[in-house]
Asks: 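Have a look at this one.
Per chain, numbering begins at 1; letters A, B, ... match sequence-line order.
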There are 2 protein chains.
Amino acid sequence: MRSYGQYCALAKALDVVGDRWTLLIIRELLIRGGCRYTDLRDGLPGIATNLLADRLRELEHHGIIYLEDAPPPVATTLFHLTERGKELETVIQKLGTWGAPLLATSSRGDAFRTHWLVLPLQHNLIDRSPNERPVSVEVRTGDEILTLFTEGGRVRVDLGARPHHNAVIHGAPHLVMALLLGKMELASAKAAGLKFNGDQKVLRRIKPVSTSVS
Amino acid sequence: MRSYGQYCALAKALDVVGDRWTLLIIRELLIRGGCRYTDLRDGLPGIATNLLADRLRELEHHGIIYLEDAPPPVATTLFHLTERGKELETVIQKLGTWGAPLLATSSRGDAFRTHWLVLPLQHNLIDRSPNERPVSVEVRTGDEILTLFTEGGRVRVDLGARPHHNAVIHGAPHLVMALLLGKMELASAKAAGLKFNGDQKVLRRIKPVSTSVS
DNA sequence: CCGGATCCGGGTTGATACTG
DNA sequence: CAGTATCAACCCGGATCCGG
């Protein structure tokens, strides 16, 4: 992208991360940590492969990501965020919070990846009973499985299943989000097709930070 | 901009404000309030007039701005942010904070407008002695004049001069910012060409929030 | 299969000129 | 003052190809 050429911090930030796809690439790296080229392409449906290669080059040049030559058995290069790159998490969180209301009117043809739920869930959920024993919830939606678990008053969200969990939520992404973010009661969500098994007390314990939307 | 087509709040936000120039237009409206078309063009050096017209149309369509037909004496249309548009201030503040370190290595040919300093100053300065009588500082840099004044523990930054002020700072933008944001001592700033007249105590009273950069 | 590079058609941007 | 019109240059998306 051509530089705005303005002596302004916002313009300078956009010179680096204002390109199309750039912030979405950083979203992927924030969620998943080190990624292979193909992992990124899978998490960014619609991106052209030459654009992904271009963006990764620019991001490395700007010190936002670095490349790791993974040792054998994998023998591939992994892309990681630098510390400077990780500092973009607050930017992405604010943009996501602002954009969350737009999901309500989302078109049905939208692509979806389960791991996209990690950041909004992690930013909005807290453990209301941090002194009781830890609990975890398995979330089955889309093509992958997420696990929510309490940890030090916070709620961590990880990709993949765990051997133990106190409850399982299974259903369409918007129903899962509406239930967990307190926009819908369990009964309504079930009526809309969501399935819930296990201890319902976890829903009173894992709650959104406030009445916030995203 | 073509939609990313992803069921993700970040992608939806970028569908609306991810276009080139869009966030800079919102910056202008945040700083100055209602603007005429020409005000916006002047505050966005480098933008093509057809792009400005396109972006304003899209922003109105998305409910980020609205048009006001200013009554005579001015008899022109003014562009305003809606409440939804004003909610982007936190996004812009985070992006600006992230981008602030990039100003250090800024090229000398960058365009500059004095009012671009309003948001970074207002976000980073507080009144360390909110119970004493209010003070104000006139800042002369670039082509316009700013006035800083304490108000309820905060520091407000407005465009234009005031009849009364306790001190005047006059010099290059980067020196003004370095002094006010605590990155440079007054003596060093003066040695670099900054001029300071009036009560130096205001510099111990109007201070950056922390050691933050932007 | 992985990590791209190359090519091409179409859409977007930027500069300038022009108009009500 | 507030845009529209025009057009060249650039960028994007999709497809294909290629070396490890």
Asks: Hey, which sits more toward the 5' end of DNA chain D by its nearest nucleotide, B:Phe79 or B:Tyr4?
Replies: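 The 5'-side residue here is B:Phe79.
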Asks: Considering only distance and modelled atom types, tabulate donor-acceptor pairs under 3.5 Å from the side chains of residues 164-177 of chain B, sequence neighbours left out.
Replies:
residue, atom, partner, partner atom, Å
B:His165, ND1, B:Glu138, OE1, 3.1
B:Asn166, OD1, B:Ser136, N, 2.8

Asks: With sequence neighbours left out, write down each residue that passes salt bridge (Lys or Arg N to Asp or Glu O under 4.0 Å) with B:Arg55, or none if nothing qualifies.
Replies: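 Once residues adjacent in sequence are excluded, the partners of B:Arg55 under the salt bridge (Lys or Arg N to Asp or Glu O under 4.0 Å) criterion are B:Glu58.
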Asks: Identify, with sequence neighbours excluded, every residue that meets salt bridge (Lys or Arg N to Asp or Glu O under 4.0 Å) alongside A:Glu87.
Replies: A:Arg84
Asks: Quick one: ring pair (Phe, Tyr, Trp, His ring centres under 6.0 Å) partners of A:Tyr4, sequence neighbours excluded?
Replies: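 Counting only residues at least two positions away or on another chain, A:Tyr4 forms a ring pair (Phe, Tyr, Trp, His ring centres under 6.0 Å) with B:Trp21.
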Asks: Is it the case that B:Thr147 and B:Asp158 place a side-chain donor and acceptor less than 3.5 Å from each other?
Replies: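 Side chains of B:Thr147 and B:Asp158: no pair found under 3.5 Å.
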Asks: Below 30° counts as parallel, above 60° as perpendicular, anything between as tilted: where do the rings of B:Tyr7 and A:Phe112 land?
Replies: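 Plane angle over 60°, so perpendicular.
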Asks: What is the distance, rounded to the nearest whole Å, between atom CG of A:Asp69 and atom P of C:dG4?
Replies: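 So the CG-P distance, A:Asp69 to C:dG4, works out to 10 Å.
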Asks: Cut-off 3.5 Å, side chains only: do B:His123 and B:Gln93 have a donor facing an acceptor?
Replies: no
Asks: For B:Thr114 and B:Asp143, which I'm curious about, is there any donor-acceptor pair between the side chains at under 3.5 Å?
Replies: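 B:Thr114 vs B:Asp143: donor-acceptor pair found between side chains.
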Asks: Base contacts versus sugar-phosphate-only contacts with protein, heavy atoms under 4.0 Å: please encode nucleotides 9-20 of chain C as B, S and - from 5' to 3'.
Replies: ----SBBBB---
Asks: Just to confirm, is there a sub-4.0 Å distance from OP1 or OP2 of C:dA5 to any side-chain nitrogen or oxygen of A:Arg57?
Replies: yes
Asks: Give the residues of residues 22-39 of chain B touching DNA chain D, defined as any heavy atom closer than 4.0 Å, sorted by residue number.
Replies: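 Here the set is B:Arg36, B:Tyr37, B:Thr38.
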Asks: Given atom CD of B:Glu58 and atom P of D:dG3, what is their separation to the nearest angstrom?
Replies: 14 Å
Asks: Could you give the CG-to-P distance, from A:Leu52 to D:dG14, as a whole number of Å?
Replies: 14 Å
Asks: From CG of A:Leu78 over to P of C:dG4, roughly how many Å is that when rounded to an integer?
Replies: 12 Å
